[in-house]
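Here the structure comes first, spelled out in structure tokens, and everything after it is commentary.
Start at 1 and go down the list; that is how both ligands and their atoms are numbered. Since this is a predicted model, take the numbers as computed values, not measurements. For this chain, numbers begin at 1 and follow the sequence in order.
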Amino acid sequence: MAKDGDASGLMAGKRGLILGVANNRSIAYGIAKAARAHGAEVALTYQGEALKKRVAPLAAELGGHVVGHCDVTEPASLDAVFAETERLFGRLDFLVHAIAFSNKDELDGRYVDTTADNFSKTMFISCYSFTAIAQRAEKLMTNGGSLLTLTYYGAEKWMPHYNVMGVAKAALEASVRYLAADLGPKNIRVNAISAGPIKTLAASGIGDFRYILKWNELNSPLRRTVSTDEVGDAGVYLLSDLSRGVTGEVHHVDAGYHIVGMKHPDAPDLALVRE
Ligand SMILES: NC(=O)c1ccc[n+]([C@@H]2O[C@H](COP(=O)([O-])OP(=O)(O)OC[C@H]3O[C@@H](n4cnc5c(N)ncnc54)[C@H](O)[C@@H]3O)[C@@H](O)[C@H]2O)c1
């Protein structure tokens with residue numbers, strides 16, 4: 001991440017709303033920090049009172065703002081957050097959607113066992129919410145803008161235990177393309193970062209996550225996993241004018257893992273250790 005002292009000013013004068021910070025390990029926080037380091041002014045939301053206590057100090061640390069409780073299953077909370085953002089900023093230049101949810105029980109075992117209820121809930125929170133948010137952001141992006149969401153390789157290929165979340169991420173990636181086409185004439189760009197596995201609160205719900213992390217570390221071209229700071233720096237590219245010619249894109253920040261076809265012969269065999 002660029003330090004305060006060597007900030008590029010790439011995002012100076014840009015105002016952004018960042019949804020999905022739960023704590024200082026959140027990918028959204030990595031992006032918020034990087035955007036701030038490059039001169040952006042940021043506003044954060046929190047999901048429920050318990051997370052407010054964690055998000056408020058992080059916003060203060062960034063010289064940013066907290067614009068309220070946001071639960072995407074409560075449309076009134078989204079309306080209130082956008083009203084507060086308009087009051088604070090007037091217009092919006094960028095938005096980060098780093099929100100996903102599925103019942104933990106179904107992030108283990110087989111996809112074929114997914115229930116209708118959790119399928120709908122996962123799709124709504126992890127996919128539709130980006131469209132619901134884009135509808136509201138469009139109205140505030142009067143001078144063009146950049147929308148960014150977070151996805152994972154489990155959208156493209158089968159991954160153990162990712163299950164219905166993989167299906168929701170595939171739909172989210174498709175919605176990036178449809179939103180990009182709809183909003184392009186207003187110079188609003190829509191992109192996704194496909195991040196490699198990172199140990200966050202959300203990821204801890206995925207079965208055998210430590211094994212997945214280790215597998216990526218041993219088999220990615222860079223022979224390591226990625227950090228939230230690295231996702232943040234790539235986020236600055238997609239949120240700033242550096243990427244002004246880019247929309248509808250899914251950009252992998254995964255130490256190159258997505259180009260790999262099979263286990264590297266030099267990588268050791270991994271024993272699966274379950275806690
Ligand atoms: N951690 C990884 O390995 C990884 C890899 C690729 C993509 N992602 C994606 O990155 C995004 C951020 O996740 P993270 O890993 O930083 O975990 P995280 O737990 O820090 O963030 C998830 C966020 O989703 C929010 N959320 C869940 N349900 C919500 C709802 N109904 N309304 C509003 N907010 C809700 C939570 O409050 C939390 O802030 C997610 O879309 C996730 O799928 C994560």
Side-chain angles (χ1 to χ4, degrees), residues 17-33 44-55 58-59 66-78 80-81 96-104 107 118 120-130 132-133 148-156 159 161-173 175-176 192-217 220 225-232 234-235 250-255 257-258:
L17 175 60
I18 299 184
L19 303 108
V21 176
N23 54 44
N24 62 3
R25 287 180 292 129
S26 295
I27 292 176
Y29 180 59
I31 298 173
K33 266 198 309 183
L44 310 182
T45 60
Y46 56 86
Q47 186 195 7
E49 286 303 307
L51 291 182
K52 182 181 183 179
K53 288 200 270 306
R54 291 190 183 276
V55 173
L58 297 176
V66 180
V67 286
H69 158 74
C70 165
D71 187 320
V72 296
T73 64
E74 300 163 12
S77 75
L78 272 184
V81 158
V96 177
H97 168 274
I99 291 172
F101 179 82
S102 186
N103 286 348
K104 197 171 183 291
L107 292 173
N118 187 46
S120 305
K121 194 188 290 173
T122 305
M123 276 290 184
F124 189 88
I125 297 175
S126 315
C127 177
Y128 177 70
S129 67
F130 188 46
I133 285 164
L148 178 65
T149 188
L150 272 302
T151 184
Y152 178 57
Y153 192 46
E156 300 168 60
M159 285 286 168
H161 310 304
Y162 206 55
N163 296 348
V164 61
M165 190 60 89
V167 175
K169 292 296 194 192
L172 178 67
E173 291 182 11
S175 70
V176 164
I193 287 180
S194 183
I198 302 175
K199 199 167 177 1
T200 61
L201 195 62
S204 63
I206 300 165
D208 294 326
F209 190 72
R210 275 161 38 137
Y211 178 82
I212 293 167
L213 265 181
K214 194 73 190 162
W215 182 274
N216 274 257
E217 182 190 318
S220 67
T225 54
V226 294
S227 67
T228 55
D229 284 349
E230 288 171 330
V231 177
V250 177
H251 179 61
H252 294 84
V253 182
D254 64 350
Y257 185 80
H258 68 286

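- Checked by distance only, ligand 1 and L51 stay at 3.5 Å or farther apart across all their nitrogen or oxygen atoms.
- Ligand 1 lies out of reach of S194, whose nearest heavy atom is not under 4.0 Å from it.
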Requested in this report: List the steps, then state whether side-chain contact (heavy atoms from CB on, under 4.5 Å) holds for T225 with I198.
Outcome: CA-CA 7 Å; T225 54; I198 302 175; over 6 Å; no
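- If you look at I27 next to ligand 1, the close heavy atoms, those under 4.0 Å, come from the backbone and the side chain alike.
- Looking at S26, its side chain never comes within 3.5 Å of a backbone N or O of Y29 through a donor-acceptor pair.
- Not a single heavy atom of M165 sits closer than 4.0 Å to an atom of ligand 1.
- In F209, the part holding a heavy atom less than 4.0 Å from any atom of ligand 1 is the side chain.
- Closest to atom 20 (O) of ligand 1, if we only count protein heavy atoms, is S26 OG, 2.6 Å.
- Below 3.5 Å of separation, one finds an N or O of V72 facing an N or O of ligand 1.
- Side chain of E230 to backbone of S227: a donor-acceptor contact under 3.5 angstrom is found.
- At least one N/O-N/O distance between Q47 and ligand 1 falls below 3.5 Å.
- Here T228 has no heavy atoms under 4.0 Å from ligand 1, in either its backbone or its side chain.
- For ligand 1, the polar-atom distance check finds an N/O of A202 within less than 3.5 Å of one of the ligand's N/O atoms.
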Query raised in the report: Should N216 and S220 be marked as a side-chain hydrogen bond (donor to acceptor under 3.5 Å, both in side chains) after you check the CA-CA gap, both sets of side-chain angles, and the distance that decides it?
Result: CA-CA 5 Å; N216 274 257; S220 67; over 6 Å; no
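- Checking only distances, Y152 never comes within under 3.5 Å of ligand 1, N or O to N or O.
- Residue D71 places at least one N or O, backbone or side chain, under 3.5 Å from an N or O of ligand 1.
- Looking at K169 against ligand 1, only its side chain comes within 4.0 Å, counting heavy atoms.
- Counting heavy atoms under 4.0 Å from ligand 1, residue A203 touches it through the side chain alone.
- At a 4.0 Å cut-off, not a single heavy atom of Y29 sits close enough to ligand 1 to count as contact.
- Heavy atoms of I99 found under 4.0 angstrom from ligand 1 belong to the backbone as well as the side chain.
- Of the heavy atoms in N23, none comes closer than 4.0 Å to ligand 1.
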